[in-house]
Visitor: 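Handing you this structure, nothing more for now.
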Amino acid sequence: MVTSVTSLGRNGLYDWLIQRVSAVVMGVYVIGLLGYLLAHPDLDYGTWAAFMGSLPMQIANTLLLFSVAAHTWVGLWTVTTDYLTRLALGGAATGVRLVAQALIGLLLLVYILWGLLMIWGGA
Amino acid sequence: MKVSIYRYNPDTDREPTMKEYEVDTQGKDLMVLDILALVKEQDESLSYRRSCREGVCGSDGMNINGKNGLACITPLSEVAPGVKEGKKPLVLRPLPGLPVIRDLVVDMGVFYEQYEKVQPYLQNQSPAPAIERLQSPEERAKLDGLYECILCACCSTSCPSFWWNPEKFLGPAALLQSYRFLADSRDDATEERLSRLDDPFSLFRCRGIMNCVSVCPKGLNPTRAIGHIRSMLLERGV
Amino acid sequence: MSIRTITFDAIVVGGGGAGMRASLQMAQSGFKTALISKVFPTRSHTVSAQGGITCAIASADPNDDWRWHMYDTVKGSDYIGDQDAIEYMCQVGPEAVFELDHMGLPFSRTEEGRIYQRPFGGQSKNFGEGGQAARTCAAADRTGHALLHTLYQQNLKNGTQFYNEWYAAELVKDANENVCGVIAISIETGETVFFKAKATVFATGGSGRIYSSTTNALINTGDGVGMALRAGVPVQDIEMWQFHPTGIAGAGVLVTEGCRGEGGYLINKDGERFMERYAPNAKDLASRDVVARSMMMEILDGRGDGPDGNYVYLKLDHLGEEVLHSRLPGICELAITFAGTDPVKEPIPVVPTCHYMMGGIPTNVHGQALKMSGGHEGEDQIVNGLFAVGEVACVSVHGANRLGGNSLLDLVVFGRAAGLYIEDALRQGMTQYEPSNDDIEAALTRVNRWNDSKGGESVHSLRKELQTTMQNHFGVFRKGDLMEEGVQKLADLRGRIAKAHLDDKSSAFNMARVEALELDNLLEVAEATAIAAYNRTESRGAHSRYDYPDRDDENWLCHSIYDPRTKQLGKREVNFKPKTVETFQPKVRTY
Amino acid sequence: MNDKRPVNLDLTTIKFPVTAIASITHRITGVALFFALPVLLWMMDRSLASPESFADLKQLMTSPLVKLVVWAILALLLYHLVAGIRHLIMDNGVGETLEGGRRGATATFVITAVLILLAGGWIW
């Protein structure tokens, strides 16, 4: 059993599930949104803003935002623990990895706040 | 034909080098291991492992023109087009990702440790009967494709997740063996076995890239075994 | 003395089935046990055993009886197998096999959930009266592999201390010829160490590499026999070499007898099923010496196929793809890789190939090594501290010809028996013999000789010459004058090998040094074989002479004992006194 | 002694099967998308902030350079999406054989290529 404090689910299965569930959310959203855009080739602001401002879309967007953040965290956490290791960087690896993970985390936090403001700020 | 071999002797070399040899195969489609024997007749100092020379002991796993395989059951014609005809060199390197002891011989310590970590032996708390423990042909069939592993390490040393995290990720070979015991109707340590795999590295570092499957000389499928364990973990966890 | 000493209760040399069964027994009961193996244990030659382990577990036939198995084995041995040892093996066998199942060996199964058994050569019911028996317990055609891995796994579980890739070079004895341990070299680092133990168990396997064509692994160089002979320990029945009927022509790779057990048969170039002529009852499932000789007769009579007319065929296609892929999957792979033929469609070209050393270090049923006291025909005497199990030992359960499937049984039964005996002896306080510095120095002589060698012939060319000599002079059929010539050639080789040169003297994973040390052992085995074969003036089991075509019970219903110090062949009585059954009296042997 | 031992891990000497290429591409597109996230967020923000910013964005989108950037991001997204769907399919035990894996990986590349071309057509 390998333990790791920085993994999201603190457990392989939960990380894995988070990755899958968030992927499904994003997949459905992206396909749906692309469909909408294809169906509205001459989209104007009014229609667009009304569509995105509706409660279902607000909920969908919020869900998307958190899915993106969770998916990205698990994915990039995996990437950092693959490449930023003692094997590749020697003794400084743990420090470098923690800094990288902190930066990623911080950016994701900013994205979430920005996104939340966008979705709910107008309401 | 030309043979290019990774040479490193800690007694004399600071760095490994690729050394070229010229070998006469008389146009025959020899096995890579036969070529090594011919080279060794020219140069006694070449070291490599070999034992059964028929693909069942797993000694002579190496990287042959970029792909891991067993030297004894890889004929020149299967290495790459042009190798047998001498148009292209045969390139032999040690298994990737493991420390090189000498020439084509790698230190397999990490690999064996991973194997030991999955407790690769049958566990059964109930008292043994006077005869064998009964097992139906269907139950036994579940072990096919698992028990045949020869521990040659071709799979694990072709796996990037193994390269990056050999201490944490168990690697395809050990995970295949883990499932070999999870799938055995005579074994009753399922819960304990699963709980030891339920972290982000041991099993879940498998990204399904299937390098293991594409190099296994016995045609086994660690990716599928890992998938089965994941399903068992999912069933247990949800 | 400058070398490091490591001390154990018991050391086992060799990581095959016999060695690991012995070490498991001792490790399980908590004794400090080391296993020294020149390869990682699962790369030992047991891994290549295919067909199975013969044992009367009464799965295929609920009425099967270990006495029937004993009868077959005695007959198979051509009556020079020791009946007390055969009795022990056949009687204890089922327990030892069930243990393997409990350890996790993935045996194939019957519909009832029991271990699958297949027919093998030389097997009968009811003391030869009840027709063909099916007594070989199988894990598809990878039984040896399954067995070896299972034993390794159990040793891991029970804490055996492994010294993998350590090469045992020489026995260490005290002044009174008591065995104190071995000198071994770490192949990885080159360090030479004295392993000291109360019990030294040789489980070093066979030495098929004395022949140029063999089913044996490249590592089967007779290291245990070589060490024993150099230490003055005799070997028994060493002229008895089994030629397996079905080695893939050219490659020498083994094709299991289980193929014929499942219904395959041999054909000559005319497509004739010729075994019907040689063994009308058992046909292709006659014992191995009989089948191998019949094949050679066909080839010598011009009914072999191929450009040189030197092989016959094993036909399997009539069994159907399903049977072949479920029961003989490994054979299908090997045939495609090494013969370029798919057995589902075409027959496999096969030829009798050197396979198994029936002879070896004489032992009793506890695995204790024996030597003769007061001349060659004296009483058995125990070599203190030395044990031998598996192919290197001659206990003797195989006599002049081993039955298929009996080797794996031999491994587990006598590996276990030696383990049990040593366990007991250790509990009662076994003596640790102490060698002097001179004794250790003496054991290092050979290693030093190679390390100091300065010019001379190369190891590989001498090895090749030795193998060719054995192949040409001591094959399936033997002849006095030809053998005499062979003995001469080997004597010449001995002189040259003593002056041979090791060019590479580096320390880390020096494969050349190991091969040089192995060459000495090949020579010891080859010479013992040659002298014993030349002197046994009869035909029995695997030993078949043109000049003495008949079995000679009057003079040779006995073991041969080769004494390395005099290079003379002596005789030793065969045991005809089983404990619980009547003696099986020698009869004319037909199949 | 052990620390001095070399390791043979020169990736240029190792052959990678199509399944491995599919996998590393999935990873690369994933990381790249992380860096594209602010662009997407910004576009979303502009499109919703006011009619004027919406118009500005629309105007901006007529620039070939911007079109190229959007197309590139779409390409990353499409690959990551298709390869992700393949992952989900494989999680259900489909395409886990050697042949199945190769077919799946090849299919991922082909389908993505077609989709990227279609996306290009849509943008222009």
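Predicted model only: the values in this text are computed from it and were never measured. Naming convention: chains lettered A, B, ... in sequence-line order (proteins, then strands); numbering from 1 in each chain.
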Visitor: Rounded to the nearest 0.5 Å, what's the gap from CG on Leu203(B) to CG on Leu13(A)? Could you check?
Guide: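 Reported to 0.5 Å precision, the distance equals 9.5 Å.
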Visitor: Just so I know, are the side chains of Leu234(B) and Trp16(A) near enough to count as touching, which here means a heavy-atom distance under 4.5 Å?
Guide: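 Sidechains of Trp16(A) and Leu234(B): in contact.
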Visitor: With respect to chain A, which residue among Arg230(B), Arg205(B), Glu167(B) yields the maximal number of heavy-atom pairs within a distance under 4.5 Å?
Guide: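 Of the options given, most contacts go to Arg205(B).
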Visitor: Could you grab the distance from atom CH2 of Trp164(B) to atom OG1 of Thr78(A), nearest 0.5 Å is fine?
Guide: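 Trp164(B) atom CH2 to Thr78(A) atom OG1 measures 15.0 Å (nearest 0.5 Å).
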Visitor: Mark yes when over 12 heavy atoms from residues, nucleotides or ligands other than Arg236(B) sit less than 6.0 Å from its CZ; otherwise mark no.
Guide: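 Result for CZ/Arg236(B): enclosed.
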Visitor: So, taking the atom named CG in Asp15(A) and the one named CZ in Phe201(B), what distance separates them when rounded to the nearest 0.5 Å?
Guide: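 Rounded to the nearest 0.5 Å, the CG-CZ separation comes to 9.5 Å.
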Visitor: Is any side-chain heavy atom of Thr81(A) less than 4.5 Å from a side-chain heavy atom of Lys168(B)?
Guide: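 Not touching, per the 4.5 Å side-chain cut-off.
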Visitor: To the nearest 0.5 Å, what is the distance between OH on Tyr14(A) and CG on Asp199(B)?
Guide: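 Rounded to the nearest 0.5 Å, the OH-CG separation comes to 14.5 Å.
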Visitor: What part of Thr85(A) gets closer than 4.5 Å to chain B, counting heavy atoms only: side chain, backbone, both or neither?
Guide: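 For Thr85(A), the side chain is the part near chain B, not the backbone.
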Visitor: I need the residue from Asp82(A), Leu87(A), Leu17(A) with the largest number of non-hydrogen atom pairs under 4.5 Å to chain B.
Guide: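 Of Asp82(A), Leu87(A), Leu17(A), Asp82(A) has the most heavy-atom pairs under 4.5 Å with chain B.
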Visitor: Please say whether more than 12 non-hydrogen atoms of neighbouring residues, nucleotides or ligands are located less than 6.0 Å from CD in Glu20(B).
Guide: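 Correct, the count exceeds 12.
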